[in-house]
Chemist: 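Please see the structure below; I have some questions.
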Amino acid sequence: MITETDILQTPIEYLKGVGPKRAEVLRKEFGICTYRDLLTYYPYRHIDKTHVYKVRDIVENGGYIQLRGTISNVQVIGQQRAKRLTAVFRDDTGTLELVWFNSLKWVEEMLQKRQDYIIFGKPTLFNGRWNMTHPEMIDPTVQSTSAVPMNFMPLYNTSDMAKKKTLDSKAISKLVTNLLPVVKDVIPETLSDRMVQELKLMPLKEAYCNIHYPASSQHLARAALRLKFDELFFTQMKLLSLKLINIQTIKGHLFSKVGDYFNNFYKHYVPFELTNAQKRVIKEIRADVGSGRQMNRLLQGDVGSGKTIIALFIMLLAKDNHYQSCLMAPTEILATQHFEKISKQVAPLGLRVEFLSGTTKTAKRRQILEGLQNGDVDILIGTHALIEDNVIFNNLGLVVIDEQHRFGVEQRAKLWRKNTTPPHILVMTATPIPRTLAMTLYGDLDISVIDELPQGRKPIITKHLYDKDRLALYGFLKKQIAAGRQVFIVYPLIKESEKLDLLDLQAGYEAIQRDFPEPEFGIGMVHGRMSAEDKDFEMQRFAKNQSQILLSTTVIEVGIDVPNATVMVIENAERFGLSQLHQLRGRVGRGGNQSYCILMSKYELSSEGKQRLNAMVSTTDGFEIANFDLKLRGPGDIQGTQQSGMLDFKIADLSKDEQLVAYTRKLAMQILDNDPALSQPEHQRIAVTLREIMKREKNWTRIS
Ligand code: ADP
Ligand code: MG
């Protein structure tokens, strides 16, 4: 039996007008392999053909328009390769020149047959005259015989390669007109009729037709809404039902006891009062790990909000319940810093904390691995090295991943497998992810937010300066250093090709050495090409205030904590993305002293560059910055989301469809709450659709 979906799965080469050669191009260039793929290859824009313009009304950059009038003065001019055909188009308000560079003969014959035309194209101004090249010429007496409405012409993204093989936008739209009549009646509805009605959605069938060839602009809008709805709704259904499956099938390690380690530390060794937000988050996590379910939680908190101490508390809770924990950080510098701080903090409690990275010496490594296996090591801190297969725990109960966006899906999955029952997972990120993005990217995780900074932090003052201000800047730095403070100076990453136009780190180092002579000033430098030991040495020197100025590339971006540093100077700031700038700025303002972020840039900035720097100057709120970034660049560029494949929406746009994301998530929750197995007749179609989606996306792992 041929089912409805089988038809949508038909290989594209069977479509009228395709064949094996074009099928190959479609597959290679656009990933279109089946009827469904073409059906969901949506146009990026439509041209309104319902409106006939007058020459008088043409404006510059007005895009494609349609005009009606007569043709005269047809002539071929120029020689050889410069040969072209021109004609004058006239309506009752003015004239326009038409130009053709190829198919001259064919066009000439066509123009001889009749004078009266509807023309369609994009007017441009050339030598003070309106001009249109290669207009589409429509005979106004011929009625459209097409099976689909042609009022709005769809425009499809194409590629040079595809165009060479005659697959331009027009050809693709032709293929779609061949496809629609074939599939129209078999497109399955994904929601019950009642839901479609109650939610006032366009039926899916109509939506697919109208997204390509809308009957009106209202139809187009409703079609887009319906298709966005489906994309977002089923993404949420997928995420939430996976979460449900986890809850039902995975028994979590039970941290039932709050014991001496946790309590002692809390009462005697925390050097400050926890913020209310920190207390709340610890409670949320305790409820999770004490529930008998496996925790999968994302902890979001702006830079400096104090996430590390929370991780430590939960690690102590693990110890109280006879479990081991590990903390993984994305860079050696950051992992080292965590190790040093945490070992010091828990020293009075008598825990064994170890550090493991790629540079750990063999003998030491053997010792650590042994300690892990026999359960002597309580807390393991390190880099990617923790993931390796030979790192075997005795009883791992908790995994903390810091600065989560640096890790890929695979790596996280490996950590799950480090105990027969997967450990609790706490993922910490300082990249403020806008809500909609978080709901999607981490839709199967629970989210905790620290929305409060520790007391007494003064907002960082941010200034945008140019080269001419450099002397004044240096004067300011000297004053800060004289007051006992320290300074970061960060340069963009050095790429060979960009070496020439970049104020590179080395040159910067020499310049700083001239203006800040030793021994009065200590200057350090770190960059990615240094060995881990050298980097660590320089970091330590800075942390101990033996150097006052630290020049670096972005290796210091994540997590570094030197509370005495109060100035962050970012050179060529226009070359950094917003979230990166925000991360860098977060390296200062961590102590009680007023801190500053100085953005140095060249004079000519792109408008986007200018907007980014302005945003930095105008707010220190990470979430505001993240939202701004999302609007400026779109979700695909947000750090760490590229490889996830979670954001490959065909029509929904997380930066614009915020409300729809929230709405569909709520709806999906309601449905799963009262019918977790989707067994009610009302949810039949949803269940079927969900199964199909899961089948199509086999490689979708259970941790997003
Ligand atoms: P992040 O959330 O960026 O990882 P950290 O955990 O590194 O932040 O904390 C930043 C700094 O603030 C650290 O020096 C830490 O000791 C300190 N800190 C954390 N919580 C508090 C608090 N409640 N009061 C004062 N200082 C705190
Ligand atoms: Mg941190």
Side-chain angles (χ1 to χ4, degrees), residues 265-267 269-283 285 297-316 327-347 381-383 400-407 426-433 447-460 485-486 488 539 542-545 554-566 568 579-593 595 597 620-623 625-626 639-640:
F265 185 68
Y266 186 68
K267 283 194 199 119
Y269 301 111
V270 186
F272 38 70
E273 175 75 11
L274 293 181
T275 63
N276 287 327
Q278 284 171 320
K279 287 182 192 162
R280 173 174 44 76
V281 169
I282 291 176
K283 256 197 211 131
I285 296 173
R297 189 171 280 277
L298 176 74
L299 172 53
Q300 247 187 306
D302 211 343
V303 279
S305 60
K307 294 183 289 295
T308 321
I309 193 94
I310 291 181
L312 180 53
F313 269 114
I314 308 308
M315 293 196 280
L316 293 174
L327 166 59
M328 185 163 76
T331 64
E332 179 111 13
I333 292 182
L334 189 55
T336 308
Q337 180 189 285
H338 278 320
F339 174 68
E340 271 154 13
K341 257 192 132 161
I342 288 176
S343 341
K344 215 182 288 162
Q345 279 172 318
V346 302
I381 297 175
T383 58
V400 182
I401 305 176
D402 196 17
E403 307 298 347
Q404 125 81 17
H405 59 278
R406 293 290 175 99
F407 289 107
L426 180 65
V427 154
M428 308 198 292
T429 175
T431 310
I433 305 161
I447 299 181
S448 286
V449 181
I450 312 185
D451 48 7
E452 178 188 5
L453 291 180
Q455 289 262 309
R457 297 268 170 86
K458 298 186 180 74
I460 299 164
R485 306 281 95 80
Q486 289 164 276
F488 288 109
M539 286 308 303
F542 190 67
K544 292 182 191 136
N545 200 0
T554 46
V555 289
I556 60 147
E557 178 194 338
V558 277
I560 290 302
D561 188 39
V562 182
N564 191 49
T566 54
M568 166 61 68
S579 64
Q580 220 178 2
L581 289 171
H582 181 68
Q583 284 284 318
L584 286 169
R585 178 164 62 184
R587 295 312 109 216
V588 296
R590 311 189 132 230
N593 299 304
S595 293
C597 174
T620 53
D621 182 323
F623 284 90
I625 298 226
Q639 247 184 13

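When a ligand or atom number is given, it counts from 1 through the structure's own listing order.
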Chemist: With a 4.0 Å heavy-atom cut-off (strictly under), which part of E273 contacts ligand 1: side chain, backbone, both or neither?
Modeler: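 It is the backbone that touches ligand 1; the side chain stays farther off.
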Chemist: Over 60° means perpendicular and under 30° means parallel, so classify the ring planes of F265 and F313, tilted if in between.
Modeler: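 The arrangement is perpendicular - the two ring planes meet at more than 60°.
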Chemist: Polar-atom distance check: G304 versus ligand 1, any N or O pair below 3.5 Å?
Modeler: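 Among all N and O atoms of G304, at least one is under 3.5 Å from an N or O of ligand 1.
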Chemist: Is it the case that ligand 1 has an N or O less than 3.5 angstrom from some N or O of L274?
Modeler: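 No, since none of the N or O atoms of L274 sits under 3.5 Å from an N or O of ligand 1.
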Chemist: Under 4.0 Å from any heavy atom of S305, which atoms of ligand 1 are there?
Modeler: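 Those qualifying, in numeric order: 2 (O), 8 (O).
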Chemist: Heavy-atom pairs closer than 4.0 Å: do any link ligand 1 to the side chain of K307, the backbone, both, or neither?
Modeler: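 Answer for K307: both.
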Chemist: Which of the numbered atoms in ligand 1 are below 4.0 angstrom from a heavy atom of T275?
Modeler: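 The atoms of ligand 1 under 4.0 Å from a heavy atom of T275 are 23 (N).
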Chemist: Heavy atom to atom 6 (O) of ligand 1, shortest distance: which of T308, L453, D561 holds it?
Modeler: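 Checking each option, the heavy atom nearest atom 6 (O) of ligand 1 is found in T308.
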Chemist: Over all heavy atoms of both residues, which pair between G589 and R457 is shortest? Give the atoms and the distance, please.
Modeler: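 The pair with the smallest heavy-atom distance is O-CD, 3.1 Å.
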Chemist: Indicate whether any N or O donor in one side chain lies under 3.5 Å from an N or O acceptor in the other, for R297 and S448.
Modeler: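 The criterion, which ignores hydrogens and geometry beyond distance, is satisfied for S448 and R297.
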Chemist: Side chains of E273 and K279: closer than 4.5 Å at any heavy-atom pair?
Modeler: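 They are in contact (side-chain heavy atoms under 4.5 Å apart), so the answer is yes.
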Chemist: Can any side-chain N or O of K458 pair as donor or acceptor with the backbone N or O of G592 at less than 3.5 Å?
Modeler: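 Looks like yes, one N/O pair under 3.5 Å.
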Chemist: Given that the side chain starts at C-beta and the backbone is N, CA, C, O, which of these parts of K341 lies under 4.0 Å from ligand 1, counting heavy atoms, or is it both or neither?
Modeler: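 Within the 4.0 Å criterion, K341 contacts ligand 1 through side-chain atoms alone.
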Chemist: Answer side chain, backbone, both or neither: which part of R457 comes under 4.0 Å from ligand 1, heavy atoms only.
Modeler: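 It is the side chain that touches ligand 1; the backbone stays farther off.
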Chemist: In the structure I gave you, are the side-chain heavy atoms of R585 and H582 within less than 4.5 Å of one another anywhere?
Modeler: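 The answer is yes; the side chains approach within 4.5 Å.
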Chemist: Check whether Q278 reaches the backbone of G306 with its side chain - one donor and one acceptor, N or O, closer than 3.5 Å.
Modeler: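 Judged by distance alone, yes, a pair lies under 3.5 Å.
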